[in-house]
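All figures in this text were calculated on a predicted structure; none of them were measured in a lab. For this chain, numbers begin at 1 and follow the sequence in order.
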Amino acid sequence: MRVSTGVSGSGETITMMINRYVTQAGTPVTNLQAAASVMYVVPILLIFLVAQRGFVAGMSTTGLE
C-alpha cells in the first residue's frame with residue numbers, strides 16, 4: 001500500500017488519498033479508511049469548538065449599528 005502526501009503537487013485532496021487505502025485485490029481496508037477519516041475531521045472540529053464563541057458573537061451582531 002503506497003500513500004502519497006500530496007506535497008509534490010499531485011492535486012489530490014485528502015478524501016481522494018483516503019480512498020487509496022485498498023488491498024491489492026481492490027477491496028477497501030475499512031479500518032484504515034475510518035481512522036484516516038477521523039484524523040481528517042478532528043482538527044476541523046477542534047478549530048470550530050475553539051472559535052464557536054466568536055462565530056456566534058459575529059452572527060448576533062451582524063446588521064446592528
Side-chain angles (χ1 to χ4, degrees):
M1 177 173 15
R2 184 175 166 216
V3 178
S4 171
T5 59
V7 177
S8 64
S10 64
E12 288 185 314
T13 63
I14 294 175
T15 53
M16 291 171 59
M17 285 187 241
I18 290 173
N19 203 21
R20 285 186 176 188
Y21 287 119
V22 293
T23 62
Q24 288 182 351
T27 57
V29 183
T30 53
N31 57 346
L32 292 179
Q33 288 180 341
S37 298
V38 168
M39 290 175 60
Y40 173 63
V41 170
V42 166
I44 297 169
L45 287 175
L46 289 176
I47 291 170
F48 173 75
L49 291 174
V50 168
Q52 182 180 10
R53 186 172 293 151
F55 290 149
V56 172
M59 286 187 281
S60 66
T61 60
T62 303
L64 299 177
E65 292 184 29

>> Nearest 0.5 angstrom please: T15 OG1 to Q33 CD, how far?
In response: 11.5 Å
>> Under 4.5 Å between side-chain heavy atoms, counting indirect links through other Ile/Leu/Val/Met/Phe/Trp/Tyr residues: same cluster for V56 and L45 or not?
In response: no
> Which pair of heavy atoms, one from P28 and one from V22, lies closest together, and at what distance?
Replying inline: CA-CG1, 4.0 Å
>> Main chain of T23, side chain of T27: is a donor-acceptor contact present, judged purely on distance under 3.5 Å?
In response: no
>> In this structure, would M59 and F48 fall into the same cluster of hydrophobic residues linked by side-chain contacts under 4.5 Å?
In response: yes
>> Applying a strict under-4.5 Å side-chain criterion to I, L, V, M, F, W and Y, I'd like to know whether V38 and I18 cluster together.
In response: no
